[in-house]
Structure formats: C-alpha cells, structure tokens
Amino acid sequence: MRLTVLGRLRLRADDDTEVAIPRGKATTLLLLLAGHHGRTVTIDKLMQALWGENPPRTAMAGLHNHVWALRSALGHAQQGGEDRLQRTADGYQLDLLPGECDLIEFEQLVREGRDAARRGDHERVAGALRLAVALWQGQPSSRGTTASPPVADLLRAWEHARITAHEDCLAAEIELGRHDDVVPELHTLLAEHPLREELAGLLMRALWLGGNRAGALEVYTATRSALIDALGVEPGAELRDLQSRILRGERPPEAGATPPPLSEPPRQLPADTADFTGRDDVLSRIVEGLDPEKTDGVVRVVVVSGQPGAGKTTVAIRAAHRLADRFPGGQLYASLGGGSGSPRSPEDVLADLLRGLGVPDAAIPTGAEQRAASYRTRLARRRVLVVLDDAADVGQIRPLLPGTAGASVLVTSRRRLVGPPCVISLPLAPLTREEGVLLLTRVIGRERVETEPEAAGELVDLCGGLPLAIRVVVARLVTRPSWSLARLLAKMRDRRLVLDELAVAELDVRAGFTVSHDALGELERRVFRRFALVGTPDLPPWALAALVDDDDCVDQALHNLLESHLVEPASVRAERYTMHDLVRVFASEQGRALDGDPEIEGTAARAAFRRVFDRCRMLIELAHRDLPPPAGWLAPIGPPPSETFQALPPLPQEMAAAVSRDPAAWCATECETLLDILIRGAELGWYRDALDAAERLSSFLAMKHRRSEIDRVYSAVARASAGDALVPARAEFGRAHAAAMGGQLGDAAAILTSCAEVFTRAGENPALMNTLVLLSFCRMQLGDLAAAEQLARDALDLRTLTEDLRCEARALRQLGNVRISAGDPHSAVSPLRRALAVAERIGEADLEAVVLSSLAKALIALGELDAADDVCRRALTLLDELDQPVGHAYVRLSHSRIVEYRGGHREAIGLIEKALRVFTEFADRRGEVEARHRLAVNLLALGQTDQAAELAGSALALARELGMHRKTEELDRTLAAARAVTTR
C-alpha cells in the first residue's frame, strides 16, 4: 500500500487502486497518526484534535469508531493492513514502512542530506534534498479534516520542514557553483515566502556570485521593506552584513587561516581509570557528540549528568582521553565544585583556564566578562576540548563556553542542565549487573568471583549498579582477602544497614547522598523522604502530591529533585518517577528519623500514607463509574469513598479529567501503583476499604484479563482480614474468578464451594447468586453437566431475593451454555433470548456482548448460520467499542465456526490464529485449548493431517491439565481422526 500526505491525502492499495479514506474526524486521525508514524499519539492529543478542549462523554466511543474505519481502509489497501494501526498503553500508533509513505521517505532523505552536509559532501546534499523536495505534490491541506490546533501545528511543521529542505538544497547547489541555475527558483520561493531572510540571503548570494550586485541589493531592499511593513523590524545581522560586503565590493571570504598553535598545548586531563568497565554506549555518544569534524558551525556541548556515585567524572575523563588526538589545540580541565556547599565562581575558573592557555597572571584581566572575552579569543578557531567537572548549574558554565566552532565542551553535573546552546544531554544510568560483576572481577580477581558467581551478582544488585558503591565493596574485599563474597553479602542484605556497609575511607555512598540532600529545600526533602513510603518501583504525580498534602509547590519541588538526580523519570510515555535503590534506602532513613513508622498510630508517616491510600481509592472509584461492570463479579462492598470521605479535599480538576477521559488507559498506566497502595493499606489494617477499591478496580482488571494482579490484591486482602466474617470470603471469590479465567477450574470450584457456604450462612444472597453462577460454569467445563444445570437453576431461584438483573441475565446465559454443552441447543435458545432481553433492558453492553456470544453458539449448533453471523457481528461491534480483546477473541472463534461450516477453512484459520494470539498474550489457557482445537479441525479438513494432529495433541494435553473433561473427549476424537488419516 502507499499513503501520501505531502499534498493530496491518498491511500493506494497494493494493486495501485485508490482506497477511499473516511472524511472528517477519521481523516484528522489519519493525518496525526501518519505525522507521528511509529510513535504513540496519546489519547489526550487525539481527543483535543478531534473535539477540542471539552470532548463529549461519547468521545471515546467515537474515537473507537474512527479507528475502526481507518483500520478497515488499511485492511482494504493491504491484507493484514488493519494491524498497522495498534492500540498502545497510552494511545494509538500507526506503523508504516519507508516505501509505504511519502512523509517517511522525505524524512529519510532529509536525514541523508544533513549527514552529507556534516561531511561537506555538497553533491550528495543537493541530490538527496532534490529528491525530498520532489515528493511534495502541492501543499498539505486540512480540507476534509476536523480543523484543530494539533492538525494546524502538524501542517505548519511539515511546511517548515519542506521550505528548510529546499533552502538547504539550494545552498548546496550554490556551493557547487550552480548559482546562476538556482536564481529563478529562488525568485519564485522568495515571492511565496517574502519574510524568510534565509531565502533572501541565498538569492542575494547567488546573484552576487553571478556578478549581479545590483540585483542582490534590490533583493535586500525589497526584503527590508517587507519585514518593516509586516513585522515592523529590520533585517537580521546576517542579512545586513551580507549587504555591507556587497556594497564594499568584497568577494565571499576564503576559509580563514587557523591561528598559530600554542607553543605547548595544554594537556590537563586527569589520569584515566585503569579498571574502567562498561559504558560503551554513552562513551560512543560523547565521542560522536564532541567530534570537531561535525561542528555544524557551532560549539558542541555534551552534559553528562547523574546521581551521586554514578561515575560521571570517570566516564568524562575516559571519553576525553579517547578524544584527545582530535583536539591538537589541547585539553583543558576544571573542577567546578558544584557538589559542595560553595561552588567555584566562573571568574575564578576562567583565571585557571586562561593560565592553562598560557596567559601569565599579570596578563589575566580583572572581572568575569573581561576574562570570558579573553578566554573566547584564545580559543577562537582552535581545536581545544574543555572538560568542566561537577557543574552546579547553567549559570556557572555559561561564561566558560567558547564562542566559536572548533572547541568542544564536556560537562559533568549532579543536576540536569537545560539551557546551554547546542547541548547534548546524557543522563548516566547505573552499571548493568554484567558490567558490575566485571568490575569486581578486574579488581579482586577472576578466581574469587567465579567461586561465588551468584553472590557476586547479588552484591552488584544490592549496590544498584552504582559504581561508587561497587568500589566500596571492592575496597572491603581487597583489604579482607580472607572474606568470602557471601560474608559481605550477609552484612549488606539488611537494607536498613546497607549504607553503613558502603563506606570505606573517602568512599562513602551516604555522604554523597547527604551533600545532594542537604542542598534541597524543606518541601523537596519532604517529597524525597516520603517517596520511599510507597513500595511501588515508581510513582505518578498524584501519589507524590497526596504524600505532601497537595502542597501547591510540589511540582517545582519535583523539578528540583529531578535536576538533582535524586528522583529520575521512570517512563517516556507517562509521567512517572523512580528512585535508585540505594537512594530509596537513604530516603527511608530520613523518613524514619523525621516522620516515624507508618505501622504506628499517630505518626506523620501513617497520616501521609493514609492520604495517598484515600487518593488511590477515590481515583479508582472515578474510573469505575465510567467502565462497564465486569460480568459475574460482586458489586463493591461499599460505601464508596466519595461518600465516606466528604471531609477530604476534592480531586484536582485536571487529575479527575485525565481519569474520566479514558479510564481504561489510566488504569493500565497506574495499575501497579494502585495495587501496591491497596495491598499496603490492607496490611496496615484498612482491609475493608482495600477490598471495596479492589472490587471497583476489577472492572478494569477483569476486562483486561489481568489475572495475576487480581490474585495478588485479593490474596493480600484475604490475609489481612483473617478473622473477619465476610471480607475473606469476598476476597476468595475474587481469587476464584481469576483462577477460572486462567482455566484452573478445579481450584476455582473448590474455592467457590467454600464461599457459597459462608454467603449462605451470612444471608448474603447477591454474593451467593454470583457464586453459584460461576460455580456452574466451572462444573460445566469440568464435565459435570447435571451439577452445572442445578447450580444455574439454584442461582435463578434467588432472583426474588436479590433483584439483581445483571446476575439474572448471567444465570440465564449459563443455563443456556449448559444446554448447548449437553447437545440440546434448541432448548438453550429460550433462556439465552431472555438473558439478552434483560441485558438490553439494563443497557450494559458488556453483558449484552457475552450473551450474544452464547446465542451465536446455539444458533450455529442449530445450523442457522445467517442468524448466527448477525449475532456475532453485533457482539464484535460492542466488544470493539469496549476494547475487550479476550471477549473479542472468543466471539471471533464463534465466527470462525460459521465460516468453517460454509466451507471457508482457510479464512476460518486466519480468524482462529488471530484469536489464538490474543489468548496467548493474555495467558487465557482455556481459550488456547478452544482455538487449537478449531485450528486442528480446519487443518484436518484441508488435508494437513500432521499439523492437525500436532495441534490436537497439544490442546489435549492442556485440556487434561486444566481438567476440561468434556473438551478432552472431543479432542480425543479429533486426534484419532487425524491419526487415522495419517496412517492410511
């Protein structure tokens, strides 16, 4: 297929026929996705593009419809093309190959041209950029799209890229002596863009080189008039300078002669580290970033930042030594003292740098500005590498930057430095386990490490890969050659004492953290120490805000912690933050000292965790309101936190809007944090509130088939509530549901039987009714159809006591399923249609979809394929809108049966394989059994008996493992048929 966006928007199929693109919002969606090809466009951005700042409540359903329309178009353009448009955790992503989109080709050609420009290869620059510009077939337009700022921004960016590429192409051709050839083209472009000084400068230069000085000056006059009339400004310095040179009759200057080298170029780099280990990627990026051959006419600056002990100085010195030969003008080194309480002033540092450049003390100017000017003059046109170690901030290093290309600067800092021109920022991560073990090996010897390889790896893990910490471990082991690695490991395993062990002489990990911590403000310290209260690996902003009582300045405090590398970004797709393991231990020490223990009533730590626990519950409730209730789960034990915590401050509006906009996506992003907070809250004694939140979160967990997370949170609640009359049984019900979803039907049935006894004694009829329905499902799958039907009828007998219409529909559906399994689809249709009527009456799309799925099975068994086809399509449409891939896969299996019975075995196999991928991804083993069975049947029909037998055999083994007795009998027959054909 071929998508063109650089001009008229078109989609062509593999056979070159044009495929219709839906107009309106779907076109807008396609433009945005194409413009971000290969990268996720967030739901927030898509919503803003399609509906503006205030999308309607139906926006998510509308977005799903437009995505479906685009997938359909892509599927018509290429077989399997619909899979190019994927849902991600945060939004949607369109994956296209270079030959499939003109925008991708344009971007590749522009990159090729820029690479050639860095090498000075003007011929290749002109060739690549000519091809890039030729891809444009008119101006991209928002006609047929929904006008919105994101679309307008996208089109402006494309237009800017086009005109910039055209300018660079023409500049290269001028360098190649083709100035006369490009004059007409430049006249046309400047007429279209009369305010672009770059174009005016190129045209002036081309005319000047061709001997037309008057024409060049006329261009300047016309451009100046246009700028004054439109913007009220004079031309920039570059254009004015060009005019002056033409007026003076100059020729374009030749490359300036390089000033004579210093008599003795400075070689100030400290010694390299003999046992330097790893860091290959960051070293390569530093060397690439500072290469004087790739200056682009600017001073290149690389900043290596990281937390205390990350090895920034060591890496910088190693990189500087690798680069030394490329800087014949010398290498300067200055320690700026940024990690101390009193960083050095730029004025003092400049004096040292000037001395290094051979300036005698008597000739060093007074005053920072005069010294900076002298320093830049000394470095002009010289290839000198300047290493500025341990910078405090941007203000400290700005006066120390050279003024002309040729010199390069390598900076290290504990803080992220944003602001220096042309800076490349490289945060330094900890060493990997392999790199850390290699460092141990190089110092203490291979024999010691190979004797205890597991202990060596765990030592590195306890150090968090922090080079300073590993060097402390090395120092301890070197000075105690009789110690085993296991002995030191035993001393370090107590996380409360690990920092005590990581101190030897001047190597002290805690001291390094203390310096950075003591430079923080009070709020930053509070955020820092309370970060460690929550056990989750990373935290979102809403949790951090709750920990400090929603202080208005928490965002600035977080910014300062990020700059100090005491907190690190944990994700590029969502705003989340993390801490290095040893930094977290240090934060815990600070927290225990100042906030106390959360296990103890009345402490600041317990109050802070209760705030984040309550914030977690309120956000879960908000998401729960807009998610479809999960089929077969208990209604939350209640009451909701919005009623029980009215005294709490309301959720911030922006936070609430983010959850309501796409609750499923929000839950997917926050799931691990939510679970860890709920589990810790249950352990602290708030288990009933934790259960209520878990039952609300089940709307998401069940929809996404997150079985392990379901089991984890309900198991924690069950443990914490031991001795309570009702809470443990409800928690066990949740565990049973997860087990049944995973095909552990025997385990689920045993748990549910115990739950039913508790609910019966307690008179909890709604919970009992749901338990009986799920237990009926398990018994049916285990082959006990008589017990399954009786359990479904028992559930229906409770209708008058519960008035639970959802559970009534599920019980009717389960009764129908049992009768289908018993080979009586005719008697199954009536209860299934009654179930459908109830689901439609209460307006729950999720419940309606699963009932439709069962009804389709009954109709297929009766041979009513057209009716079954309609029912399947209704169910698939509902499940698409609900974004429930597992439910969708089960209905797709039913649909494949219709295709199979109509003789379309190959098409059926394609549908089944898609379903099988989903079941495998979500570890739905019962679904895997069903899918493998249907694949075996269709392959057998096509005569592919060996493959059919293999699939039937694997499905049979899995069915036996799961205790699916009726399915085992069916698979036995299929496998026997396949083997019979094979042996003929």
Which atom of A391 lies closest to which atom of S413, heavy atoms considered:
O-OG, 2.7 Å

Hey, are the side chains of L85 and Y92 touching, using non-hydrogen atoms and a 4.5 Å cut-off?
yes

Test item: K312 side-chain N/O and G306 main-chain N/O as donor-acceptor pair under 3.5 Å:
yes

Any heavy-atom pair between the side chains of R248 and S244 that's under 4.5 Å?
yes

Measuring from E347:CD to I364:CD1, what's the distance to the nearest 0.5 Å?
11.0 Å

Check the pair L290, L385 against side-chain contact (heavy atoms from CB on, under 4.5 Å), reporting the backbone distance first and the verdict last.
CA-CA 8 Å; L290 295 177; L385 175 63; 4.0 Å; yes

Salt bridge between R344 and D352, side-chain N to carboxylate O under 4.0 Å?
yes

Start with the C-alpha distance between D102 and T4, add both sets of side-chain angles, then the distance that settles side-chain hydrogen bond (donor to acceptor under 3.5 Å, both in side chains), and finish with yes or no.
CA-CA 5 Å; D102 56 354; T4 59; 4.7 Å; no

Are any of the side-chain heavy atoms of L247 and Q243 separated by less than 4.5 Å?
yes

Does this structure show an ion pair linking R12 with E100, if we count only N-O contacts that are shorter than 4.0 Å?
no

Look only at the side chain of E197 and the backbone of L239, and say whether a donor-acceptor pair between them is shorter than 3.5 Å.
no

Taking T377 for the side chain and A373 for the main chain, is one N or O donor matched with an acceptor at less than 3.5 Å?
yes

Mind listing the closest non-hydrogen atom pair of L32 and A49 along with its distance?
CD1-CB, 3.1 Å

So, taking the atom named CZ in R318 and the one named CG in L283, what distance separates them when rounded to the nearest 0.5 Å?
7.0 Å

Residues R178, D181: salt bridge by 4.0 Å N-O rule:
no

What is the minimum heavy-atom distance between A20 and A73, and which atoms define it?
O-CB, 3.9 Å

Heavy-atom closest pair, residues G215 and N212:
N-OD1, 2.7 Å

Atom CG of L97 and atom CD1 of I104: how far apart are they, to the nearest 0.5 Å?
7.5 Å

Between D95 and R84, does any side-chain N to carboxylate O distance fall below 4.0 Å?
no

Checking L357 against L379 for the side-chain contact (heavy atoms from CB on, under 4.5 Å) test, could you report, in this order, the C-alpha distance in whole Å, the side-chain angles of both residues, the deciding distance, and whether it holds?
CA-CA 9 Å; L357 290 168; L379 291 181; 3.9 Å; yes

Step by step, work out the salt bridge (charged side-chain N to carboxylate O under 4.0 Å, His left out) result for R213 and E250.
CA-CA 11 Å; R213 295 175 59 209; E250 293 183 12; over 6 Å; no

Side-chain contact test, heavy atoms from C-beta onward, threshold under 4.5 Å: evaluate it for L426 versus V303 and give yes or no.
no

Between R300 and S408, is any pair of side-chain heavy atoms under 4.5 Å apart?
yes

Just wondering, do L242 and I246 contact through their side chains at under 4.5 Å, heavy atoms?
yes

Decide yes or no on side-chain contact (heavy atoms from CB on, under 4.5 Å) for L129 and V125, but give the supporting numbers first.
CA-CA 6 Å; L129 295 184; V125 172; 3.8 Å; yes

Could you tell me whether W158 and F106 have their ring centroids closer than 6.0 angstrom?
no

Could you grab the distance from atom CG of L269 to atom OH of Y333, nearest 0.5 Å is fine?
9.0 Å

Nearest-0.5 Å distance, CD of residue E167 to CG of residue L186
9.0 Å

Taking the side chain as everything from C-beta on, heavy atoms only, tell me whether L176 gets closer than 4.5 Å to E123.
yes

Begin with the C-alpha distance, continue with both residues' side-chain angles, and end with the deciding distance and a verdict on side-chain contact (heavy atoms from CB on, under 4.5 Å) for L96 and M1.
CA-CA 10 Å; L96 296 170; M1 66 178 168; 3.8 Å; yes

If you look at every heavy atom in A34 and L103, which pair is closest and at what distance?
O-CD2, 3.5 Å

Give a yes-or-no answer on whether the side chains of T412 and D390 include a donor-acceptor pair shorter than 3.5 Å.
no

If I compare all heavy atoms of P365 with all of Q370, which pair ends up nearest, and what's the gap?
CB-CB, 3.6 Å

Rounded to the nearest 0.5 Å, what separation is found between the CG atom of L190 and the CZ atom of R196?
10.5 Å

Look at atom NE2 of H76 and say whether more than 12 heavy atoms of other residues, nucleotides or ligands are closer to it than 6.0 Å.
no

Any Lys/Arg nitrogen of E288 or R285 sitting under 4.0 Å from an Asp/Glu carboxylate oxygen of the other?
no

Counting N and O atoms only, with roles assigned by atom type, does the side chain of E175 sit under 3.5 Å from a partner on the main chain of A171, one being a donor and the other an acceptor?
no

Salt-bridged, E369 to R398, with N to O below 4.0 Å?
no

Has H321 got a side-chain atom pairing as donor or acceptor with P270's backbone, closer than 3.5 angstrom?
yes

When you measure from the side chain of R371 to the backbone of T366, do you find a donor-acceptor pair of N or O atoms at a distance under 3.5 Å?
no

Backbone N/O of V183 and side chain of H187: donor-acceptor pair under 3.5 Å:
no

Ignoring hydrogens and angles, tell me if any N or O in the side chain of Y375 forms a donor-acceptor pair with the backbone of L354 under 3.5 Å.
no

Please tabulate, for side-chain N and O atoms in residues 217-233, each donor-acceptor pair with protein atoms closer than 3.5 Å (sequence neighbours left out).
| from | atom 1 | to | atom 2 | distance (Å) |
| --- | --- | --- | --- | --- |
| T221 | OG1 | L217 | O | 3.1 |
| T223 | OG1 | V219 | O | 2.8 |
| R224 | NE | E234 | OE1 | 2.8 |
| R224 | NH2 | E234 | OE2 | 2.8 |
| S225 | OG | T221 | O | 3.1 |

Whether the E107 and H37 side chains hold a donor-acceptor pair (N or O, under 3.5 Å, no angle test) is what I'd like checked.
yes

E185 bridged to R130 by N-O distance under 4.0 Å:
yes

Are the side chains of Q331 and Q268 in contact, using a 4.5 Å heavy-atom criterion?
no

